[in-house]
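A single structure is presented below for examination.
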Amino acid sequence: MLDATKPVTIDEFWAFVNLPENEDRRWELINGEIVEMPPSDKINSFIASLINHFLMTYILANKSGYMTTADGGYRIGRSVLQPDVGYISKARSGGLKGNFYENAPDLAVEVVSVKSEKEEDAFRKAHRYLSNGTRMVWVVYPDDKTVYVCLPKVDGGMTVDVFDTTMTLSGGDVLPNFSLPVADIFPEDEE
């Protein structure tokens with residue numbers, strides 16, 4: 001039994017999420033606190049799948065690293081976070097053995113559900129990624145059809161640029177020569 005008054009270690013977290021009653025649920029460890037992640041909306045899951053598809057095509061062609069979906073975890077300090085889509089270079093990955101990556105992803109993508117996530121939480125999470133080695137975060141808002149590209153600043157802050165469906169995302173130095181029209185990740189026939 002975990003003591004709710006004390007921070008949970010990574011090992012305790014891993015034991016907890018592997019309990020039979022937790023096997024079909026998603027969990028993150030945020031600064032020593034276990035947080036259950038709600039299931040994604042249908043549109044969010046579809047958008048994350050599209051982004052993963054475009055990134056995976058690039059990654060496989062360039063043999064540069066590994067992709068994760070919403071159940072792939074990254075150890076970030078005392079946290080284990082699961083971006084909706086993540087990319088980590090082979091050089092930083094430590095290989096494919098183990099439960100989760102011991103480093104932050106190079107790129108994290110969070111597809112925000114307006115129903116279950118607050119805007120400040122999405123950007124707080126983006127800042128947590130960037131403060132721990134992630135080089136780029138895309139915060140995607142399906143309702144607005146916008147992507148906020150967050151990059152680290154030298155002073156520990158972050159820059160945020162807004163991309164709408166008339167614009168194209170760039171992989172920057174994380175994914176050289178990668179580009180993705182924002183319109184391509186939002187389905188036209190959503191209802």
Side-chain angles (χ1 to χ4, degrees), residues 17 23-30 35-62 64-76 79-89 93 96 99-101 103-130 134-151 160-165 167-172 174-175 178-191:
V17 299
E23 71 178 320
D24 292 329
R25 298 160 74 185
R26 286 184 51 219
W27 304 92
E28 286 187 328
L29 181 66
I30 300 176
V35 177
E36 185 169 9
M37 304 303 294
S40 295
D41 294 340
K42 292 186 286 184
I43 188 74
N44 291 36
S45 181
F46 183 73
I47 289 169
S49 295
L50 279 174
I51 293 169
N52 189 66
H53 163 75
F54 290 117
L55 290 169
M56 182 64 83
T57 300
Y58 171 90
I59 300 308
L60 291 174
N62 289 280
S64 60
Y66 305 110
M67 298 296 305
T68 59
T69 55
D71 61 351
Y74 296 86
R75 182 180 182 155
I76 299 173
S79 300
V80 175
L81 301 180
Q82 297 175 306
D84 293 310
V85 178
Y87 161 75
I88 190 165
S89 67
S93 72
L96 292 175
N99 302 319
F100 43 79
Y101 293 100
N103 294 311
D106 291 289
L107 169 67
V109 179
E110 292 290 344
V111 183
V112 178
S113 173
V114 177
K115 294 179 195 124
S116 64
E117 292 181 71
K118 297 178 185 157
E119 186 171 0
E120 64 266 18
D121 290 341
F123 287 98
R124 188 176 298 121
K125 195 173 200 180
H127 189 263
R128 180 174 286 119
Y129 281 119
L130 295 172
T134 298
R135 296 164 50 201
M136 182 184 304
V137 178
W138 294 347
V139 180
V140 181
Y141 281 89
D143 289 349
D144 299 340
K145 294 187 177 184
T146 55
V147 178
Y148 292 77
V149 176
C150 306
L151 299 170
V160 179
D161 292 311
V162 183
F163 287 73
D164 65 26
T165 55
M167 303 167 86
T168 299
L169 297 167
S170 163
V174 177
L175 303 165
F178 175 82
S179 64
L180 175 60
V182 173
D184 288 359
I185 65 171
F186 296 110
E188 292 180 23
D189 61 346
E190 64 180 280
E191 294 181 26

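Remember, it's a predicted structure, so these values are computed and weren't measured experimentally.
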Within-4.5 Å side-chain heavy-atom neighbours: V111 and P142: yes
Say you draw a straight line from CD1 of I59 to OG of S89; how long is it, rounded to the nearest 0.5 Å? 9.5 Å
If you look at every heavy atom in V112 and A122, which pair is closest and at what distance?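 Heavy atoms of V112 and A122 come nearest at CG2-CB, 3.8 Å.
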What is the minimum heavy-atom distance between I43 and P187, and which atoms define it? CD1-CG, 3.5 Å
Say you draw a straight line from SG of C150 to CG of D161; how long is it, rounded to the nearest 0.5 Å? 9.0 Å
Working to the nearest 0.5 angstrom, can you tell me the gap between F100 CZ and R75 CZ?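 That separation rounds to 6.0 Å.
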What are the two closest heavy atoms between K145 and V182, and how far apart are they?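 Between these two residues, the closest heavy atoms are O-CG1, 4.2 Å.
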I'd like to know if the side chain of S49 reaches the main chain of S45, judged simply by a donor and an acceptor atom lying under 3.5 Å from each other, with no hydrogens or angles considered. yes
Is it true that a side-chain atom of R26 and a backbone atom of D71 form a donor plus acceptor pair closer than 3.5 Å?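 Side chain of R26 to backbone of D71: no pair is present.
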Of all the heavy-atom pairs spanning G72 and P83, show the shortest one and how long it is.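 Taking G72 first and P83 second, the nearest heavy atoms are O-CD, 4.0 Å.
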Checking side chain to side chain contact (heavy atoms under 4.5 Å, CB included) for the pair T165/F186: CA distance, chi angles, key distance, verdict? CA-CA 8 Å; T165 55; F186 296 110; 4.0 Å; yes
Taking all non-hydrogen atoms of both residues, which atom of V147 and which atom of W138 are closest, and how far apart?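 What the structure gives for the nearest pair is CG1-CB, 3.8 Å.
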Could you tell me whether the side chain of L130 reaches within less than 4.5 Å of the side chain of H127, counting heavy atoms only? no
Can you name the closest pair of heavy atoms from L50 and I185 and give their distance? CD1-O, 3.6 Å
Is the gap between the ring centers of F123 and Y148 under 6.0 Å?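 Yes, the ring centres sit under 6.0 Å apart.
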Could you check V35 against L29 for side chain to side chain contact (heavy atoms under 4.5 Å, CB included), going step by step and ending with a plain yes or no? CA-CA 6 Å; V35 177; L29 181 66; over 6 Å; no
Hey, mind stepping through L81 and R128 against side chain to side chain contact (heavy atoms under 4.5 Å, CB included) and telling me if it holds? CA-CA 10 Å; L81 301 180; R128 180 174 286 119; 3.9 Å; yes
Euclidean distance, Y87 OH relative to L55 CG, rounded to 0.5 Å: 9.5 Å
Is the shortest side-chain heavy-atom distance between V109 and V140 below 4.5 Å? yes
Does some side-chain heavy atom of N62 sit less than 4.5 Å from a side-chain heavy atom of F178? no
Answer whether the closest heavy-atom distance between the side chains of L96 and Y101 falls below 4.5 Å. yes
Between CD1 of I47 and NZ of K42, what distance do you get to the nearest 0.5 Å? 13.0 Å
Evaluate Y129 against E110 for side chain to side chain contact (heavy atoms under 4.5 Å, CB included), listing each step before the verdict. CA-CA 11 Å; Y129 281 119; E110 292 290 344; 3.0 Å; yes
To the nearest 0.5 Å, tell me how far T69 OG1 sits from I51 CD1.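 Answer rounded to 0.5 Å: 13.0 Å.
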Between the side chains of S79 and Y74, is a donor N or O closer than 3.5 angstrom to an acceptor N or O?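 No.
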Is a side-chain donor or acceptor of T134 paired with a backbone partner of M136 at a separation under 3.5 angstrom? no
D84 side-chain N/O to A48 backbone N/O, donor-acceptor pair under 3.5 Å: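 Answer holds: no.
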